[in-house]
Amino acid sequence: MIELGQLERHHAAFATRGVRVAVASNDEQSLAQETQNDFKNLVVISDSKQDLAKAAGVIHSGAALDGKDTNAPMIFLIDGAGTVRWMYHSDRFVTRISPTELLKAVDSTMPKQ
Amino acid sequence: MSEPQTALGRWPLFLFGFLIFIAGPVMNAVQMQMGDLSTPWHVPILGSIGVFFMLLSVLARGGVLRIIGLIFFALFCAFEWFFVLVFTVTPAYAGTVREGQPFPAFTAALADGKPFTDAELKNDKATILVFFRGRW
């Protein structure tokens with residue numbers, strides 16, 4: 001899990017900026033717990049009913065290997081009042097923004113905490 | 001069986017093409033190992049260059065095995081282009097979330113089973129919410 005590993009390695013840089021990193025997938029809770037064990041500094045969310053994914057509008061219909069709906073990779077930066085400050089949509093599911101670029105987005109869009 | 005020896009045919013073009021071809025996947029593996037998840041355009045591009053040299057080899061020296069190899073790697077190269085240009089493309093964002101607007105209401109759970117709702121996003125701490133998929 002390269003993406004989560006990168007975020008975990010940079011957790012201190014995010015924490016310094018007063019930002020926590022939450023990662024969501026449609027994994028069942030047991031699998032989410034395994035992920036949490038591997039990445040202790042991330043907040044792992046089990047969105048098995050895809051309620052969060054539907055609210056965020058990130059459903060990628062029929063794109064899972066078994067033909068079911070899955071998530072399009074996407075990132076939202078939300079301030080402490082619950083307002084979306086920045087969002088990133090990956091045009092390919094194999095492509096991700098780097099933690100360094102994510103930190104730049106935090107620095108440019110969020111007021112100093 | 002003797003092969004026609006043209007100036008071009010004296011060079012191991014098929015081997016050269018093969019090495020260029022496999023350089024793409026090897027570079028991609030190294031790139032991923034380094035945590036770089038940018039679009040791997042170099043894989044189909046190097047694959048195409050590799051197939052070009054294999055084609056030159058076939059034109060210069062012929063040979064059944066070279067022709068079979070050329071067909072195999074050309075098909076593989078076509079798959080690489082399909083993977084990058086079609087298979088991995090995600091649909092344009094069509095959700096309702098907009099910058100400057102509140103994140104919509106939702107209900108999910110943390111890994112330990114505790115509820116995680118939109119109320120958790122209003123606790124004075126900023127959140128980067130990452131949607132991920134797959135376990136690679």
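All heavy atoms count here, side chains included; hydrogens, waters and symmetry mates do not. From a predicted model like this one, the values you see are computed outputs, not experimental measurements. Protein chains get the first letters and strands the later ones, always in sequence-line order, with residue 1 at the start of each.
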S.K.: Is it the backbone or the side chain of Val43(A) that comes under 4.5 Å from a heavy atom of chain B, or both, or neither?
M.R.: side chain

S.K.: Check whether Thr70(A) gets within reach of chain B through its side chain, its backbone, both or neither, counting any heavy atom under 4.5 Å.
M.R.: side chain

S.K.: How close do Gly47(B) and Cys77(B) get, counting heavy atoms only, and between which atoms?
M.R.: C-SG, 3.7 Å

S.K.: Please state whether the side chain, the backbone, both or neither of Leu7(A) comes within less than 4.5 Å of a heavy atom of chain B.
M.R.: side chain

S.K.: Report the residue from Arg96(A), Glu3(A), Met74(A) that forms a side-chain contact (heavy atoms from CB on, under 4.5 Å) with Val130(B).
M.R.: Glu3(A)

S.K.: Side chain, backbone, both or neither: which part of Phe103(B) has a non-hydrogen atom closer than 4.5 Å to chain A?
M.R.: both

S.K.: How many angstroms lie between CG in Leu19(B) and CG in Leu46(B), if you round to the nearest 0.5 Å?
M.R.: 11.5 Å

S.K.: Please determine, among Pro102(B), Ala111(B), Ala92(B), Gly100(B), the option with the most heavy-atom pairs under 4.5 Å with chain A.
M.R.: Ala111(B)

S.K.: Ring-plane angle category for Phe76(B) and Phe21(B), please: parallel below 30°, perpendicular beyond 60°, tilted otherwise.
M.R.: perpendicular

S.K.: Heavy-atom distances under 4.5 Å only: say whether Ala81(A) touches chain B with side chain, backbone, both or neither.
M.R.: backbone

S.K.: Look up atom CG in Leu102(A) and atom CD1 in Ile75(A), then write down how far apart they are to the nearest 0.5 Å.
M.R.: 5.0 Å

S.K.: Measuring heavy-atom distances to chain B, does Ser90(A) have an atom under 4.5 Å in its side chain, in its backbone, in both, or in neither?
M.R.: backbone

S.K.: Identify the heavy atoms of Ser48(B) and Trp81(B) that sit nearest to each other, and give their distance.
M.R.: OG-NE1, 2.8 Å

S.K.: I'd like to verify something: which residue of Gly5(A), Ala56(A), Ser98(A), Ser30(A) has the highest number of heavy-atom pairs under 4.5 Å with chain B?
M.R.: Ala56(A)

S.K.: Which pairs pass salt bridge (Lys or Arg N to Asp or Glu O under 4.0 Å) with one or both residues in residues 102-117 of chain B, sequence neighbours excluded?
M.R.: Asp112(B)-Lys114(B)

S.K.: Given heavy-atom pairs under 4.5 angstrom as the criterion, report whether the side chain, backbone, both or neither of Phe14(A) touches chain B.
M.R.: side chain

S.K.: Taking Leu121(B), Leu110(B), Val84(B) one by one, which has the highest count of heavy-atom pairs under 4.5 Å against chain A?
M.R.: Leu121(B)

S.K.: Answer yes or no: does atom CZ of Phe52(B) have more than 12 heavy-atom neighbours from other residues, nucleotides or ligands under 6.0 Å?
M.R.: no

S.K.: Is it the backbone or the side chain of Leu4(A) that comes under 4.5 Å from a heavy atom of chain B, or both, or neither?
M.R.: side chain

S.K.: In terms of heavy-atom proximity below 4.5 Å to chain A, should Phe83(B) be classed as side chain, backbone, both, or neither?
M.R.: side chain

S.K.: With heavy-atom distances below 4.5 Å as the criterion, would you say the side chains of Leu52(A) and Phe131(B) are in contact?
M.R.: yes

S.K.: Under 4.5 Å from any heavy atom of chain A, what part of Glu120(B) do you find: side chain, backbone, both or neither?
M.R.: both

S.K.: Below 4.5 Å from any heavy atom of chain A, which atoms of Ser38(B) appear? Answer side chain, backbone, both or neither.
M.R.: backbone

S.K.: Show the nearest heavy-atom pair for residues Ile45(A) and Ala22(A), with the distance to one decimal.
M.R.: CD1-CB, 3.9 Å

S.K.: Once you measure the plane-to-plane angle for Phe79(B) and Phe82(B), does it fall in the parallel (<30°), tilted (30-60°) or perpendicular (>60°) bin?
M.R.: tilted

S.K.: Looking at CG of Asp79(A) and CE of Met110(A), how far apart are the two atoms once the value is rounded to the nearest 0.5 Å?
M.R.: 5.5 Å

S.K.: Mind ranking Ile97(A), Val58(A), Asp47(A) by heavy-atom pairs under 4.5 Å with chain B and telling me who comes out on top?
M.R.: Val58(A)

S.K.: Looking at chain B, which one of Val23(A), Ile59(A), Val21(A) has the largest number of heavy-atom pairs inside 4.5 Å, strictly under?
M.R.: Val23(A)

S.K.: Counting only non-hydrogen atoms closer than 4.5 Å, does Gln6(A) touch chain B with its backbone (N, CA, C, O), its side chain (CB onward), both, or neither?
M.R.: side chain

S.K.: Counting only heavy atoms closer than 4.5 Å, note whether Ala105(A) contacts chain B via side chain, backbone, both or neither.
M.R.: neither

S.K.: Please determine, among Lys49(A), Glu28(A), Gln29(A), the option with the most heavy-atom pairs under 4.5 Å with chain B.
M.R.: Gln29(A)

S.K.: Against chain A, work out which of Pro104(B), Pro40(B), Ala119(B), Ala109(B) has the most heavy-atom pairs shorter than 4.5 Å and name it.
M.R.: Ala109(B)

